[in-house]
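Small disclaimer: the values here were computed from a predicted structure and weren't measured.
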Amino acid sequence: MTLPAQPTTWLDVPADHPFGINTLPYGVFSTSDDPTRRVGVRIAELVLDVGAVAAIGRDAGLVGDGPDLATAWLTPSLNAFLALGRPAWSVAREWLTEVLTDEVHREGVSPHLHPIADVELHLPIEVADYVDFYASEDHASNVGQIFRPDNAALPPNWKHLPIGYHGRSGTVVVSGTHVVRPSGQRKAPSDPAPVFGPSTRLDIEAELGYVVGGSTELGSRVSVDEAADHLFGVVILNDWSARDIQAWEYVPLGPFLGKSFATSISAWVTPLDALAAARIPLPGQADPQVLPYLQGDAFGLDVHLEVTLNGTVVSRPEHAAMYWSPAQMLAHLTVNGASIRDGDLFASGTISGPTRESRGSLLELTWNGSEPVTLDDGTTRGFLEDGDTVTMTAWAPGPDNSRIGIAEVTGTIVPTR
C-alpha cells in the first residue's frame, strides 16, 4: 500500500509527535471557563474545539450539503458523530487535516485551541453495548493451562469462532478513574466452602477496544468486508479482572462479577483511518479453515503496547500476533442478527505473546501468582495491591516512519468500600 506523504501543520508540532497531524484522535472535554462537555480533537499537546470551529463555517454559509458536523460535535459524547457513518468520518478527517495544515485557517482556528493540561477529559462515548473477546491464542492457551491443567489448553471451538462474552457497559470508565477493589464470592480448591470478601487476586488485561458506529437493524448482519464501515477507531482497554471471583463463578456461564466492576479505556479514540499503515495480514487461519462468514478482509493491526506497574515496565504485548481480526469479531457478533448501536464497544481480549515479557495479564506474567514480578523499588507482585497504579500505552506505525499514538489508559486501585 502506498501512503500519502505526511502533511505539515501550521502549528509548531514536532514531526515525530505520536499525536501529530496523522493521528488526530477524538475525545470529549470541558474547561474551567466552559463546563459544557463537547467533542475535541487532539493535536500534539493541544485540544481543538472542533464543534466551535465547524459552527463558524456552518453559520457563515461556507458548508455545503455535507454532514452537519457542528451539531454532532457540540454534544457530550461521540455518539452523534458515530451515527453519521463512515462517509462523514472520512469527510471530517479531510476537513480537520485542511484546517490544521492550510495557513489561511490559522486566524479562525487558533482561538479554539486549548492546552491539554487546561482541559478536563471525559468518557468519549456513551457506551451502548460492551463485548469482550478472547482473540489471543497465547493468552487462551496460558489461561487454559492455569485453570484447566488436566484438559486441552484451548477449548474445542476456539479456532472456529471468536469467543466472547457480554460485559457491563455502565462500568466502562475513562482513563484516570480510580478502581475500587471488588468484593464477591471466592473459593480455593482446598476451601470447604465459599467465602465473601474483597478480591485477593486483582488483575489487569491489556487489550485494544474498538469503537463502533453506523447502527444496523435487528435481524441484519455485518460481513467481514463490511466491518470497516462500522469500525470507527481504537482505544487501549484495561479489563480489570478479579481472578479469584472469576475462577469460582465462571463455570458454566463465563465471567460475571469478576469482570463487571470496572473496564478502563483511553480518553482519546484513534480513528481507524489513522492506522492505514498498521494494517497487516493475520498470522494464519489455515488449520482449521474458518467458515465462509468469517472470511474476507480480515486484517490485523501492528500495534505495540507497553504496560507499567508503579512505573516499572512489566510487559510489552504485540497486537500483531492476535489470531482473530476485529472485522471477524464484528461479523461474528452480528451473524445471529444482533444489531449494532452507535457507541458499541468491543474488545480484543488480553493481548499476549509467546514470551513472558509479552504477556498482557498478571495471571500469565506471574503464572497465577507463583512467579511474582519484581518492581524497580524492590517489591514484588503476584497480583495488584491497594495503591498500585497501572498505565498502558501504545503506538502503531504511520506514514513516513512516523508513529501513530493510541492514548494511554491508567488507573489506581483503591480499597474496597
Side-chain angles (χ1 to χ4, degrees), residues 6 13-14 16-29 39-47 78 82 89 93 96 116 121-125 127 132-133 135-136 172-177 204-213 228 231-239 263-280 299-308 313 315-322 325-326 329 345-353 358 360 390-399 401-411:
Q6 185 171 350
V13 176
D16 60 352
H17 199 293
F19 296 102
I21 194 66
N22 284 313
T23 306
L24 300 181
Y26 292 87
V28 170
F29 78 103
V39 175
V41 166
R42 180 175 179 178
I43 176 73
E45 304 310 314
L46 297 170
V47 178
L78 287 172
L82 296 173
W89 306 340
R93 186 168 175 82
L96 286 166
I116 198 168
L121 298 175
H122 307 280
L123 191 67
I125 57 175
V127 182
D132 192 25
F133 282 96
S136 164
V172 176
V173 297
V174 71
S175 175
T177 304
I204 61 171
E205 289 192 343
E207 310 187 21
L208 279 191
Y210 302 93
V211 175
V212 176
L231 293 170
F232 172 73
V234 303
V235 292
I236 309 176
L237 184 146
N238 185 355
D239 193 30
T263 300
S264 299
I265 65 171
S266 309
W268 298 102
V269 183
T270 297
L272 192 66
D273 287 342
L275 298 174
R279 289 199 183 203
I280 56 174
F299 59 89
L301 290 172
D302 185 19
V303 176
H304 312 267
L305 289 87
E306 185 173 89
V307 181
T308 64
V313 176
S315 177
R316 291 188 172 93
E318 294 289 334
H319 187 272
M322 300 297 276
S325 163
M329 295 180 222
L345 174 70
F346 70 91
S348 62
T350 304
I351 302 167
S352 290
S358 60
V390 178
T391 301
M392 301 177 184
T393 58
W395 64 275
N401 296 315
S402 64
R403 287 190 174 191
I404 302 298
I406 303 174
E408 73 171 26
V409 62
T410 189

Test of understanding: with side-chain contact (heavy atoms from CB on, under 4.5 Å), list the residues that count as partners of [X], not counting sequence neighbours.
{"X": "Ala347", "result": "Tyr130, Asp132, Glu207, Leu237"}
{"X": "Ala135", "result": "Met322, Trp324, Met329"}
{"X": "Glu306", "result": "Thr308, Val313, Arg316, Thr393"}
{"X": "Ser315", "result": "Val307, Pro317, Leu365"}

(request) Could you list the residues that satisfy ring pair (Phe, Tyr, Trp, His ring centres under 6.0 Å) with Phe346, not counting sequence neighbours? (result)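 Result, ring pair (Phe, Tyr, Trp, His ring centres under 6.0 Å) vs Phe346: Phe133, Tyr210.
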(request) List for me each residue that meets ring pair (Phe, Tyr, Trp, His ring centres under 6.0 Å) alongside Phe232, sequence neighbours excluded, and say none if there are none. (result)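 With sequence neighbours excluded, Phe232 shows a ring pair (Phe, Tyr, Trp, His ring centres under 6.0 Å) to Tyr26, Phe81, Trp89, given in chain and number order.
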[atom1] of [X] to [atom2] of [Y]: how many Å apart, nearest 0.5 Å?
{"X": "Leu275", "Y": "Thr23", "atom1": "CG", "atom2": "OG1", "result": "8.5 Å"}
{"X": "Met392", "Y": "Glu408", "atom1": "CE", "atom2": "CD", "result": "11.5 Å"}
{"X": "Ser402", "Y": "Ile21", "atom1": "OG", "atom2": "CD1", "result": "11.5 Å"}
{"X": "Leu121", "Y": "Ser175", "atom1": "CG", "atom2": "OG", "result": "8.5 Å"}
{"X": "Thr350", "Y": "Asp239", "atom1": "OG1", "atom2": "CG", "result": "7.5 Å"}
{"X": "Leu78", "Y": "Ile125", "atom1": "CG", "atom2": "CD1", "result": "7.5 Å"}

[X] vs [Y] side-chain heavy atoms within contact, under 4.5 Å:
{"X": "Ile236", "Y": "Leu305", "value": "yes"}
{"X": "Phe19", "Y": "Val13", "value": "no"}
{"X": "Val235", "Y": "Ile406", "value": "no"}
{"X": "Val409", "Y": "Thr391", "value": "no"}
{"X": "Pro397", "Y": "Asp302", "value": "yes"}
{"X": "Arg279", "Y": "Leu272", "value": "yes"}
{"X": "Val303", "Y": "Leu208", "value": "yes"}
{"X": "Ser136", "Y": "Ser352", "value": "yes"}

(message) I'd like to know if the side chain of Arg403 and the backbone of Gly405 have a donor-acceptor N/O pair within less than 3.5 Å.
(response)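 Such a contact is absent between Arg403 side chain and Gly405 backbone.
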(message) Using only atom types and a distance under 3.5 Å, with no angle test, would you say the side chain of His319 pairs donor to acceptor with the backbone of Leu301?
(response)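 Checked: pair present.
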Heavy-atom pair with the smallest gap, counting every atom of [X] and [Y]:
{"X": "Val174", "Y": "Pro124", "answer": "CG2-CD, 4.4 Å"}
{"X": "Pro399", "Y": "Ala277", "answer": "N-CB, 4.3 Å"}
{"X": "Asn22", "Y": "Arg93", "answer": "O-NH2, 2.6 Å"}

(message) Applying side chain to side chain contact (heavy atoms under 4.5 Å, CB included) to His304 and Glu318, what does each step give before you reach the verdict?
(response) CA-CA 5 Å; His304 312 267; Glu318 294 289 334; 2.7 Å; yes
(request) Determine, step by step, whether Leu123 and Val173 satisfy the side chain to side chain contact (heavy atoms under 4.5 Å, CB included) criterion, reporting the C-alpha distance in whole Å, the side-chain angles of both residues, the deciding distance to 0.1 Å, and the verdict. (result) CA-CA 6 Å; Leu123 191 67; Val173 297; 5.6 Å; no
(message) side chain to side chain contact (heavy atoms under 4.5 Å, CB included) for Val390 and Thr410? Distances and angles first, verdict last.
(response) CA-CA 6 Å; Val390 178; Thr410 189; over 6 Å; no
(message) Would Val172 and Leu345 count as a side chain to side chain contact (heavy atoms under 4.5 Å, CB included) here? Give the steps.
(response) CA-CA 10 Å; Val172 176; Leu345 174 70; 4.1 Å; yes
